[in-house]
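Structure first, commentary second.
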Amino acid sequence: MTDLREQTRFEPAEVEPRIIDAWLQSGLFSPEPEGDPSENFSIAIPPPNVTGALHMGHALNGSIQDVLIRYHRARGKRTKWILGTDHAGIATQKQVEKRLAEEGTSRDAIGREAFEARVWEWREQYGGTIVDQFQRLGASCDYDDERFTLDAAYHEAVLKVFVDLYEKGLIYRDHYMVNWDPGSGSAISDLEVEDREVVDTLYSVAYPLASGEGEIVVATVRPETMLADTAIAVHPDDERYAHLVGQTAILPLVGRELPIVADDYVKPEFGTGALKITPGHDPNDFEIGRRHGLPEISAIGEDGRMTAEAGERFAGLTVKQAQEAVVAALQAEGRVRATEDYPHTVPFSHRSGERIEPLISLQWFMRMDELAKPAIDAVEDGRVTIHPERWARVYVDWMEAIRPWCVSRQLWWGHRLPVWYRDEETYVGARAPEGEGWTQDPDVLDTWFSSALWPFATLGWPHDTPALRAFYPTNVLSTARDILFLWVARMIMMGLEFAGDVPFDDVYIHSVIQAPDGRRMSKSLGTGIDPLEEIEEHGADGVRFGLLAMSSSQDVRYSREKVAQGEQLANKLWNASRLILTRIDPDATTRFAGGAPAARPQAIEDRWILSRLAAARAEVEQRVEAYDFSHAALALYDFVYGELCDWYLELVKPRLYEAEGEAREALDATLLHVLTETLMLAHPVIPFVTEEIWSFVPGAEGLLAARQAGSLAATGTRDAEAERALGAAIETVTALRGWRDGVRAPAGARIPARIEAAGYEHTAEHVARLARFELLANGAAAGAPVASISIPGGTVEIHHSDAVDLGAAERKLAERRATLEAEVARCEAKLANDGFVAKAPPPVVAAEREKLAQLREELSGL
RNA sequence: GGGCGGUUAGCUCAGCUGGUAGAGCGCGUGCCUUACAAGCACGAGGUCGCUGGUUCGAGACCAGCACCGCCCACCA
């Protein structure tokens with residue numbers, strides 16, 4: 001106990017590592033795969049990139065998921081928080097390539113096999129970083145059963161899905177327009193492209209007509225792509241060009257004849273109303289080209305250089321060089337009619353940050369429409385519930401317009417396509433085909449392809465494992481909205497298609513935490529705040545509480561104040577516990593086996609705190625279940641600060657210091673009961689300080705994290721009478737303190753007073769002590785009171801004392817009178833309004849009348 | 001171009017189905033009261049973005065406007 005007496009401040013840095021060890025060694029986080037989802041509770045963590053380090057988003061999401069896990073664990077569920085990391089194709093490959101570059105070599109130089117070995121090596125060395133960081137947060141993941149999206153078993157699942165989808169005809173290979181990312185040297189999906197504003201030059205270029213009579217002027221920001229033009233398009237209703245449709249123009253520099261076609265896509269009002277068509281390098285032109293059966297020419301290669309098709313003059317040049325050369329050549333021929341700065345948005349790679357080069361490439365695609373249908377139904381019929389609800393609409397809208405997904409990536413790190421070629425043959429299967437001469441497709445799958453299987457591939461699918469039976473479907477998927485399409489939607493589609501059920505019942509979309517100045521938190525902007533540094537400074541409990549308290553249904557700015565608030569809460573609870581634990585009778589404590597004796601309320605305040613505890617518990621439970629973590633955390637704070645510490649502990653202090661015998665035992669039992677229940681209530685949010693306090697609770701056995709909460713009924717129900725009596729006492733104390741302060745009474749002075757009100761039988765002594773008044777005995781005459789203070793149920797009469805500055809008291813009285821008169825006037829005006837009396841609901845009118853009566857009574861009392 | 005959020009105290013945010021506003025931090029004043037001075041008590045501080053409308057009554061409902069942010073989208 002000496003520790004407790006001296007440790008006036010909770011020390012997270014000293015406590016947290018010990019607690020983490022105790023939790024990990026308990027095996028509490030690693031449930032046996034038993035039972036079924038109805039009796040279990042599971043969450044699959046959004047697998048962080050192996051290359052990752054804990055950022056604020058992880059910290060928030062980790063806190064949220066851990067609250068859910070600990071909450072349900074305490075309610076008797078077998079809980080599993082499925083942990084693992086994502087192999088993150090591009091990100092990881094880049095990390096290792098960077099290292100190779102530092103060593104003066106490259107992946108091409110060492111070859112594919114050696115490169116893959118290097119990545120695995122890298123992963124061995126650094127891949128555990130983020131997992132360790134989740135432990136620092138206190139996240140109760142199943143660390144003994146960690147997954148990696150490239151594990152052999154996981155790979156099996158990926159191959160099976162690919163092959164099945166191929167056999168169902170949903171996966172196919174095609175020459176199609178893709179987003180080529182020159183930065184990673186790979187195609188990427190539509191979802192990995194982001195639009196950015198740039199200022200390009202818009203060139204107006206004149207193409208002569210083949211007839212030799214006149215020309216047609218087109219506008220373009222990418223003159224170099226003209227080398228691959230195969231047509232010119234105008235709007236069918238555009239009278240200026242109607243006579244030209246069907247004719248041909250001559251492509252400058254190249255000499256190719258371009259048919260002039262009519263297509264609705266063309267906006268007559270834009271530029272000249274004539275559009276050059278480059279099916280090989282523009283997604284729109286590609287569509288138009290296919291509509292009109294135009295040839296597709298690739299003038300830009302996957303290496304970012306002009307191909308032979310661009311013509312001898314330009315082949316081999318980079319795109320930028322080619323643009324300059326083409327413009328120069330056009331100018332030399334006098335073809336450029338105009339140039340202007342043209343701001344517009346163009347696609348960039350989300351991964352590499354480089355400008356996307358749209359080009360036609362031979363890739364593997366996945367048709368999504370068939371899979372989307374049941375996934376839309378699942379959300380619309382409520383098998384999957386998205387919170388907040390508005391995201392369901394966003395999800396459905398996107399799913400209804402879903403397009404094929406380019407799943408092949410020209411990388412080395414990832415799940416290599418289970419596809420083999422021999423001459424004109426293609427073989428798709430989990431194992432290499434029999435026979436000689438087959439070569440495997442060098443591409444790997446989009447990382448999100450494997451992530452889409454996460455909730456069931458981690459549990460052993462495609463095998464029928466106990467883990468799968470116990471924990472699938474998972475209960476909740478918590479994530480930020482940025483991967484709603486990229487990941488969440490695809491998990492629902494894959495889960496329904498392959499695991500036979502939705503992957504989770506609820507999706508919770510949490511806030512994005514912005515920098516305190518409202519900008520995005522990002523490393524490159526220097527706006528990031530490192531959660532680990534915050535944990536070091538404020539403790540994991542403080543950070544968890546702060547993140548939960550600041551979270552919301554919308555984006556929020558990072559609030560250091562909320563973290564500080566959490567830190568204070570942990571400290572407050574620590575000190576309140578010290579008060580209790582150092583004051584209870586040490587001899588009696590041996591009787592508290594199990595650490596949570598039933599409450600034995602004796603005084604009204606005992607009944608009150610039990611009632612308030614029940615209320616707080618109901619509030620927190622309801623908030624957690626509604627994914628309203630902010631209000632859950634703040635309700636907890638309000639209970640601990642505003643009720644337990646500010647009032648209850650102050651109210652019991654006299655007994656705490658003095659009670660003996662039977663009264664002592666009853667009080668100690670009640671205190672330990674309240675403390676234990678409070679620790680249980682707070683534990684999901686601030687697990688470290690509560691676990692640490694628990695270790696000092698006499699009779700406490702095992703870990704708090706392993707303890708199950710009693711039912712609400714057993715914990716107690718509301719006690720209306722106690723709440724009324726104490727509520728009135730609290731109001732009275734507050735009113736009296738305010739009055740004292742107003743008359744500048746010295747803090748230590750005890751002022752004589754008499755309570756002239758009903759309902760204070762059990763609280764009068766408390767009121768007097770907490771407000772520092774001396775209660776006059778009934779009938780003891782003390783002359784006329786110097787002041788009268790309105791309290792619930794009556795008044796308090798203040799009698800003369802040297803401590804009271806009568807002048808100040810008089811001013812205070814005048815102020816109060818003025819306030820009352822104003823309020824009476826307001827009330828009277830309202831009640832004089834016929835409309836109000838006639839149309840407002842009767843209870844509202846009655847309440848107003850009651851209020852007026854009270855105000856008048858108080859006023860007359862003054 | 002379409003859609004979704006937001007605009008409330010100096011700062012960051014709460015305010016459910018409409019009955020004249022709350023928290024934390026900050027600020028002011030007073031207290032070393034035997035759990036906590038990184039504490040306690042008390043207090044000051046908002047015409048709830050603007051304009052209309054509905055209503056007896058609007059921060060809350062409706063319409064329009066103005067900013068700020070995000071998502072989706074094929075205008076060269």
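Chain identifiers are assigned alphabetically (A, B, ...) following the order of the sequence lines, protein sequences preceding nucleic acid strands; residue numbering begins at 1 within each chain.
One can find a donor-acceptor pair under 3.5 Å joining the base of B:A35 and the side-chain atoms of A:Lys653. The base of B:A38 is paired with the side chain of A:Arg9 by a donor and an acceptor separated by under 3.5 Å. Scanning atom types as modelled, no donor and acceptor separated by under 3.5 angstrom connect the side chain of A:Glu561 and the base of B:A23.
Distance check on atom P: B:G18 versus B:C61 gives 9 Å, rounded to whole Å. Remark: the separation of the P atoms in B:C42 and B:C56 is 41 Å, to the nearest Å. When the P atom is used for both B:U17 and B:G69, the distance is 28 Å, rounded to whole Å. If you take atom P in B:G3 and the same atom in B:G64, they sit 11 Å apart, rounded to whole Å. The separation of B:G49 from B:A9, taken at their P atoms, amounts to 8 Å, rounded to a whole angstrom. Nucleotides B:U54 and B:G59, compared at atom P, are 16 Å apart to the nearest Å. Taking the C1' atom of each, B:G39 and B:U33 are spaced 11 Å apart, rounded to whole Å. Of the P atoms belonging to B:C48 and B:C11, the separation is 16 Å, rounded to the nearest Å.
A:Glu287 comes within contact range of no nucleotide atom at all, as no heavy-atom separation falls under 4.0 Å. In this structure, A:Thr734 reaches the sugar-phosphate backbone alone: every heavy-atom distance under 4.0 Å involves primed, P, OP1 or OP2 atoms, never a base. At the heavy-atom level, A:Glu650 lies under 4.0 Å from base atoms of the strands shown. If you check every strand for non-hydrogen atoms under 4.0 Å, A:Asp282 touches nothing. Using a 4.0 Å heavy-atom criterion, one finds that A:Tyr265 contacts the bases of the nucleic acid, with or without backbone contacts as well. Counting any heavy atom pair closer than 4.0 Å across all strands shown, A:Val221 reaches sugar-phosphate atoms only and no base atom. Counting non-hydrogen atoms under 4.0 angstrom, A:Ser552 reaches the backbone sugars and phosphates but no base. Within the nucleic acid shown, A:Pro841 comes within 4.0 Å of at least one base atom, counting heavy atoms only. At the heavy-atom level, A:Tyr641 lies under 4.0 Å from the strands shown only through sugar-phosphate atoms. Contact annotation for A:Arg403: backbone-only contact, meaning every heavy-atom pair under 4.0 Å involves sugar-phosphate atoms and none involves a base. In this structure, A:Val218 reaches neither bases nor backbone, as no heavy-atom distance under 4.0 Å exists between it and the strands shown. Using a 4.0 Å heavy-atom criterion, one finds that A:Arg772 contacts the bases of the nucleic acid, with or without backbone contacts as well.
Of the two residues near RNA chain B, A:Val733 and A:Pro516, the one whose nearest nucleotide lies more 5' is A:Pro516. Mapping A:Gly835 and A:Gln568 onto RNA chain B by nearest heavy atom places A:Gln568 closer to the 5' end of the strand.
Considering all non-hydrogen atoms of both residues, A:Lys276 and A:Asp285 come closest at O-OD2, 3.3 Å.
Between A:Phe286 and A:Tyr176, the ring planes are perpendicular. Angles over 60° get that label, and only those under 30° would be called parallel. Ring geometry for A:Trp739 against A:Phe773 counts as tilted: the plane angle lies between 30° and 60°, on a 0 to 90° scale. In this pair, A:Tyr508 and A:Phe629 present their aromatic rings perpendicular. The plane angle is above 60°, beyond the 30 to 60° band.
When rounded to the nearest whole Å, the span between CG of A:Asp628 and P of B:C13 equals 16 Å. Distance, A:Ile402 CD1 to B:C72 P: 13 Å, rounded to whole Å. Atoms CG (A:Leu644) and C1' (B:C36) sit 13 Å apart, rounded to a whole Å. Taking atom CD1 of residue A:Ile513 and atom C1' of nucleotide B:C70, one finds them 16 Å apart after rounding to whole Å. Distance CG (A:Leu831) to P (B:C56): 17 Å, rounded to an integer number of Å. The nearest whole Å value for the distance from the CG atom in A:Asn575 to the P atom in B:U34 is 14 Å. Rounded to a whole Å, the CG atom of A:Asp482 is 13 Å from the P atom of B:C70. Atom CG of A:Leu579 is separated from atom C1' of B:C36 by 10 Å (rounded to the nearest Å).
The nucleotide B:C56 finds its pairing partner in B:G19, both defining distances of the Watson-Crick or G-U wobble pair being shorter than 3.5 Å. Nucleotide B:C40 forms a Watson-Crick or G-U wobble pair with B:G30, both donor-acceptor distances falling under 3.5 Å.
A donor-acceptor contact closer than 3.5 angstrom links the side chains of A:Glu534 and A:Tyr558.
Listed nucleotides B:C36, B:C42, B:A76 differ in distance to A:Asp741; the shortest reach to its side chain belongs to B:C42. Comparing B:C56, B:A76, B:C36 by their nearest atom to the side chain of A:Lys267 picks out B:A76.
Distances shown here put every side-chain N or O of A:Tyr558 at or beyond 4.0 Å from the OP1 or OP2 atom of B:U12.
Ion pairing between a basic and an acidic side chain is recognised when a charged N comes within 4.0 Å of a carboxylate O; A:Glu224 and A:Arg222 show such pairing.
A:Arg490 forms a cation-pi arrangement with A:Trp405, by the criterion of a distance under 6.0 Å to the ring centre and an angle within 45° of the ring axis.
For the pair A:Pro516 and A:Arg557, the minimum side-chain heavy-atom distance is 4.5 Å or more.
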